[in-house]
Amino acid sequence: MAASNSAQDQLEQDCFVPSHHPSAPSHELFDISTTVDPSYVISLIRKLLPVAQKSGGNTEILGSNCIDEVVNSSNDNCKRMEIFDDSTESVFRVEGDGDLREGESAGVSAGEEVWEECGCVLWDLAANQTHAELMVQNFVLDVLLANLMVTQSVRVTEICLGILGNLACHEVPMKHIVSTDGLIAVIVDQLVLDDTQCLCEVFRLLSSGLRGPECRKWAEELQSEHMLSRILWIMENTLNPQLIEKSVGLLSSMLESQKEVEHTLLSALMKLGLASILVNLLAFEMSKLTNDRIPESNVINILAFEMSKLTNDRIPERYPVLDVILRALEALCIIDVYSLEICSNNELFQLVCDLIKFPDKVEVSTSCVTAGVLIANILSDVPGLASNISQDFPFLEGLFDIFPFTSEDSEARCALWSIIARLLVRVREDEMSTSSLRQIVLILMSKSDVIEDDLFDHQFNENKDFESLGTSGRKSNARTLALRRITCILNRWNALRDTSEEDMMEEHVTDEKICRLLGICHKHTVSDTSE
């Protein structure tokens with residue numbers, strides 16, 4: 001009986017031996033070394049092949065069960081178009097459609113679940129260069145293109161775009177993407193979708209394309225007014241932080257692209273209102289950060305929204321959004337053809353100044369540093385604006401508070417000193433009231449350690465090519481000029497104190513501290529002049 005069972009077990013095992021699949025000849029074996037069996041990857045690609053639609057409009061796709069363990073795979077519970085004021089909702093909804101992804105989930109067939117499983121595995125594998133190259137060698141791009149052209153499922157579209165996004169991170173697969181006829185055009189066409197996750201993947205793909213050597217081909221597909229207007233519409237109307245970051249981040253990719261591409265795309269976007277949209281985004285974020293009331297407007301004030309999140313909700317995922325908006329504005333303001341429009345925007349100037357005065361800088365330190373550089377650039381183009389903030393003492397204090405976050409950024413330190421110099425040259429210590437002078441002295445003394453640390457650590461190694469910051473028109477190093485002005489202000493304070501019968505000193509502002517700061521300023525001013 002035991003022998004009979006053993007024979008039966010052996011027979012059952014033999015039934016599963018793939019004797020009809022002999023080993024491939026040695027000359028046909030793959031040259032690519034991979035930890036994943038190439039035949040397994042090929043089988044996954046085959047299972048993604050779209051099939052003809054049945055009568056009734058349903059598409060049957062072969063596959064197996066879904067796993068959700070991949071790079072950049074996303075939640076299925078995405079909302080769709082129609083904008084809501086409640087930022088806890090997902091970005092988009094389509095009026096009357098309800099939650100389309102929930103509807104899809106309810107009606108997903110077994111074949112679609114299999115397709116999703118295989119697609120998610122490939123999405124994960126595409127993050128590895130070796131696997132990615134194996135995939136493009138086995139026509140995965142043709143399969144993905146075919147799916148994008150026929151599918152009506154946003155989940156299928158998202159997975160296809162996710163796989164392409166990971167493939168685009170590698171040089172060889174990116175070349176294959178560019179050379180695949182019609183693929184870039186189909187990718188760009190996905191901008192008309194109303195699904196958040198799909199749009200995030202589209203922007204990720206476009207950013208990779210515009211940063212690559214074949215950026216012109218991507219730009220050619222993007223340059224139509226219809227597509228550029230769609231990009232701005234998404235940027236302006238979405239409340240999803242990831243989508244804001246991806247859409248605004250696309251601008252950075254344009255700026256990093258070839259000059260011809262940069263000019264073609266950015267000039268068209270600026271004509272379509274890019275600058276005002278970025279400022280509105282910043283204002284929306286700032287209004288939340290400073291607890292200001294958001295003015296009623298048909299245009300979503302995105303910057304104010306992000307700032308409000310910082311103050312009220314303190315959601316860390318929104319911090320990068322604020323920074324990417326500021327970096328885009330900073331990059332635009334140093335381009336000659338766009339600088340005037342950016343730098344002459346009074347609302348933008350007020351917003352970034354408000355950010356400098358934000359008390360909890362640790363949480364948004366990167367944004368504060370970017371804001372400082374942006375303000376320095378604005379004042380370089382429009383010096384007269386410095387008069388508007390020369391008596392803004394909380395702003396001056398906020399500038400010194402940013403120094404600890406710039407220890408590895410010499411450009412940012414130079415920018416901060418240039419702003420401080422522009423402010424202090426407009427201080428008329430001989431003419432101003434005692435109370436105003438006292439406020440400045442208190443700020444300088446409270447930040448004396450910050451000043452000393454910066455001077456000790458960096459010893460004037462930064463670039464000294466600053467434009468004239470005084471009214472005489474002579475060129476001077478911004479930091480040296482600022483230190484001279486600090487010296488004059490402190491000397492004036494000492495003179496007033498000596499002649500006044502009232503006690504003008506604060507407990508923490510001692511003669512010893514004032515003399516120490518004067519000595520430090522004198523030492524570094526003299527050493528800098530001697531150089």
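Because only heavy atoms are used, hydrogens play no part in the values below, and waters and symmetry mates are left out as well, while side chains stay in.
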About how many Å separate CG of Leu332 and CD of Glu330, when rounded to the nearest 0.5 Å?
-> 10.0 Å
Full working for salt bridge (charged side-chain N to carboxylate O under 4.0 Å, His left out) between Glu262 and Lys259 | CA-CA 5 Å; Glu262 173 194 309; Lys259 288 297 180 183; 3.7 Å; yes
Any side-chain donor paired with an acceptor under 3.5 Å for Ser390 and Ser387?
-> no
Donor-acceptor contact below 3.5 Å, side chain Thr406 vs main chain Phe403 = yes
Electrostatic pair Arg216-Glu260, nearest N-O below 4.0 angstrom | yes
Under 4.0 Å between a Lys/Arg side-chain N and an Asp/Glu carboxylate O for Asp323 and Arg327?
-> yes
Mark yes or no for whether Thr238, through its side chain, and Met235, through its backbone, hold a donor-acceptor pair below 3.5 Å.
-> no
Could you tell me whether a side-chain N or O of Tyr338 sits under 3.5 Å from a main-chain N or O of Ser267, the two making a donor and an acceptor?
-> yes
Audit row: Asp392, Arg426, salt bridge (charged side-chain N to carboxylate O under 4.0 Å, His left out) steps and yes/no = CA-CA 12 Å; Asp392 191 340; Arg426 288 167 171 79; over 6 Å; no
If you count the non-hydrogen atoms of other residues, nucleotides and ligands that lie under 6.0 Å from CG in Asp430, is the total more than 12?
-> yes
Stepwise, does the side chain to side chain contact (heavy atoms under 4.5 Å, CB included) test hold for Ser344 with Phe349?
-> CA-CA 8 Å; Ser344 60; Phe349 185 69; over 6 Å; no
N/O donor-acceptor pair under 3.5 Å between Arg422 side chain and Ala386 backbone | no
Any side-chain heavy-atom pair of Leu144 and Leu183 under 4.5 Å | no
Please check if the side chain of Ser339 supplies one atom and the backbone of Asp336 the other of a donor-acceptor pair under 3.5 Å.
-> yes
Do Asp454 and Trp417 meet the criterion of a side-chain donor-acceptor pair at a distance under 3.5 Å?
-> yes
Under the side chain to side chain donor-acceptor pair (under 3.5 Å) rule, what do Ser367 and Thr370 come out as? Steps first, then yes or no, please.
-> CA-CA 5 Å; Ser367 295; Thr370 306; 5.9 Å; no
For the pair Ser448 (side chain) and Met445 (backbone), establish whether a donor and an acceptor sit closer than 3.5 Å, ignoring hydrogens and angles.
-> yes
Among Ile419, Ile342, Leu385, which residue meets the side chain to side chain contact (heavy atoms under 4.5 Å, CB included) test with Ile378?
-> Leu385
Short side-chain donor-acceptor distance under 3.5 Å, Gln350 and Asn346 = no
Where do Asp195 and Arg155 land on the salt bridge (charged side-chain N to carboxylate O under 4.0 Å, His left out) test, with the steps shown first?
-> CA-CA 9 Å; Asp195 183 79; Arg155 180 58 175 161; over 6 Å; no
Please test Glu221 against Met227 for side chain to side chain contact (heavy atoms under 4.5 Å, CB included), starting from the C-alpha separation and ending with a verdict.
-> CA-CA 9 Å; Glu221 297 294 339; Met227 285 302 175; over 6 Å; no
Any side-chain donor near an acceptor of the partner, Arg484 and Thr525, under 3.5 Å = no
Would you find a donor on one side and an acceptor on the other, under 3.5 Å apart, between the side chain of Ser446 and the backbone of Leu442?
-> yes
Which is it for Ile440 and Val427 under the side chain to side chain contact (heavy atoms under 4.5 Å, CB included) test, yes or no, and what are the steps along the way?
-> CA-CA 10 Å; Ile440 296 179; Val427 172; 3.8 Å; yes
Does one side chain, of Thr151 or Ser153, offer a donor that lies under 3.5 Å from an acceptor on the other?
-> no
Can you measure from CD (Gln223) to CG (Leu269) and round to the nearest 0.5 angstrom?
-> 11.5 Å
Evaluate the criterion side chain to side chain contact (heavy atoms under 4.5 Å, CB included) for residue pair Leu210 and Leu265; output intermediate values, then yes/no.
-> CA-CA 11 Å; Leu210 290 175; Leu265 297 180; 4.1 Å; yes
Can Glu171 and Lys175 be counted as an ion pair, charged N to O under 4.0 angstrom?
-> yes
Arg413 with Asp453: basic N within carboxylate O range, under 4.0 Å = no
Is there a donor-acceptor contact under 3.5 Å from the side chain of Arg211 to the main chain of Ser253?
-> no
Is there a donor-acceptor contact under 3.5 Å from the side chain of Trp123 to the main chain of Gly162?
-> yes
Distance-only, no hydrogens or angles: does the His263 side chain make a donor-acceptor pair with backbone N or O of Gln258 under 3.5 Å?
-> no
Lys/Arg-Asp/Glu bridge criterion (N-O < 4.0 Å) met for Arg204, Glu201 | yes
